[in-house]
Amino acid sequence: MNNDALQALVEAIARDDFGRTFKHHAYFNRRLRTTGGRYLLGSHDIEVNPKQYEAFGEAALIDIIKHELCHYFLHLDKKGYQHRDADFKALSKRVGAPRFCAPIESYASRANYIYVCTKCHTEYMRIRKVNTSRMRCGKCGGRLKEITKQ
Ligand SMILES: [Zn+2]
Ligand SMILES: [Zn+2]
C-alpha cells in the first residue's frame, strides 16, 4: 500500500464512518516507533506507521485511522480531542475506534479476536470484532474466519 492508497482509505473511512470529509494529508512514516499513528496538531495531517500494516494487515490499519480521525475531527471542531476527554471517549465508541494510539509492540496482547485467512492462512489480530463477510485478507483478498484465542 502506498501513500495514495492510504489517503484514499482515510477519506473513505471519514466519509463512511464519520459522515464527514477528510481535507488534509495522510501518509506513512516509517520513523514512528512507539505508536501506530499520529495526528499532527499543526498541519492537521495524519501519519501512519507502516509496520502495523505489514504485521497485522488492513484491519489494524483501519483501527489506527479511525483513532486518528477521532483526534482530527474533534480538534478541528475545538472539542476535547485528547484521550481522557469525554468527547473523545464518546466519538471513539460511536465509530468503533480503539481509545488509545495502538502501541505497536503490545497490539497482539490486547487483541481479543483472531482471524485467519481461509486461502493463504495469514493470521490477523484485532481488538474489536470484524464483519467477516465484508473484511478480506490484506494479502490475498481471501475470506477471513474467526479462530479462538489461545
Ligand atoms: Zn491517540
Ligand atoms: Zn490471504
Side-chain angles (χ1 to χ4, degrees), residues 1 5-7 9-11 13-14 17-18 20 22-149:
M1 180 173 290
L6 177 65
Q7 178 78 29
L9 182 60
V10 173
E11 288 173 5
I13 292 171
D17 292 291
F18 293 79
R20 301 188 54 177
F22 177 70
K23 294 178 183 149
H24 294 81
H25 297 286
Y27 49 87
F28 287 111
N29 181 356
R30 192 163 280 280
R31 285 171 305 164
L32 289 181
R33 294 172 75 181
T34 55
T35 62
R38 177 162 76 165
Y39 165 64
L40 303 170
L41 294 171
S43 64
H44 308 296
D45 291 342
I46 288 175
E47 293 185 340
V48 173
N49 189 334
K51 288 171 243 165
Q52 196 91 352
Y53 173 64
E54 287 154 11
F56 304 112
E58 192 167 343
L61 186 63
I62 290 168
D63 272 352
I64 294 166
I65 293 169
K66 280 187 181 175
H67 177 90
E68 301 309 326
L69 282 174
C70 288
H71 286 301
Y72 173 81
F73 285 121
L74 290 168
H75 181 242
L76 289 181
D77 291 348
K78 298 187 168 41
K79 289 181 178 164
Y81 63 87
Q82 293 180 298
H83 295 157
R84 61 167 189 272
D85 293 323
D87 290 331
F88 193 92
K89 288 176 196 169
L91 182 59
S92 56
K93 193 173 176 197
R94 182 160 73 77
V95 300
R99 264 194 52 215
F100 299 98
C101 304
I104 193 155
E105 306 86 347
S106 69
Y107 192 87
S109 61
R110 295 187 307 126
N112 298 313
Y113 300 96
I114 301 174
Y115 298 90
V116 63
C117 173
T118 54
K119 251 162 112 183
C120 72
H121 307 291
T122 301
E123 285 191 11
Y124 295 99
M125 284 168 272
R126 243 204 145 188
I127 293 164
R128 296 177 63 92
K129 216 171 175 57
V130 309
N131 181 346
T132 50
S133 61
R134 275 178 53 196
M135 188 71 64
R136 295 302 173 104
C137 174
K139 287 189 179 145
C140 77
R143 285 187 172 278
L144 300 182
K145 188 179 85 184
E146 186 176 343
I147 56 175
T148 314
K149 191 173 180 179

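Note that ligands are numbered from 1 as they come in the structure, with each ligand's atoms numbered from 1 the same way.
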Nearest heavy-atom pair of [X] and [Y]: which atoms, and what distance?
| X | Y | answer |
| --- | --- | --- |
| Cys117 | Cys140 | SG-SG, 3.5 Å |
| Leu69 | Ile46 | CD2-CD1, 3.9 Å |
| Cys70 | Ala97 | SG-CB, 4.1 Å |

With sequence neighbours excluded, residues passing side-chain contact (heavy atoms from CB on, under 4.5 Å) with Ser133: Asn131
The Zn ion (ligand 2): angle it makes with SG (Cys120) and SG (Cys137), nearest 10 degrees: 110°
Polar protein atoms (N, O or S) that approach the Zn ion (ligand 1) to under 2.8 Å: His67 NE2, His71 NE2, His83 NE2, Cys101 SG
Exercise: do Glu123 and Tyr115 side chains pair donor with acceptor under 3.5 Å: no
By ring-ring contact (aromatic ring centres under 6.0 Å, His included) - contacts of His83 (at least two apart): His67, His71, Phe88, Phe100
By salt bridge (Lys or Arg N to Asp or Glu O under 4.0 Å) - contacts of Asp77 (at least two apart): Arg20
The Zn ion (ligand 2) reached by His121 (N, O or S, under 2.8 Å): no
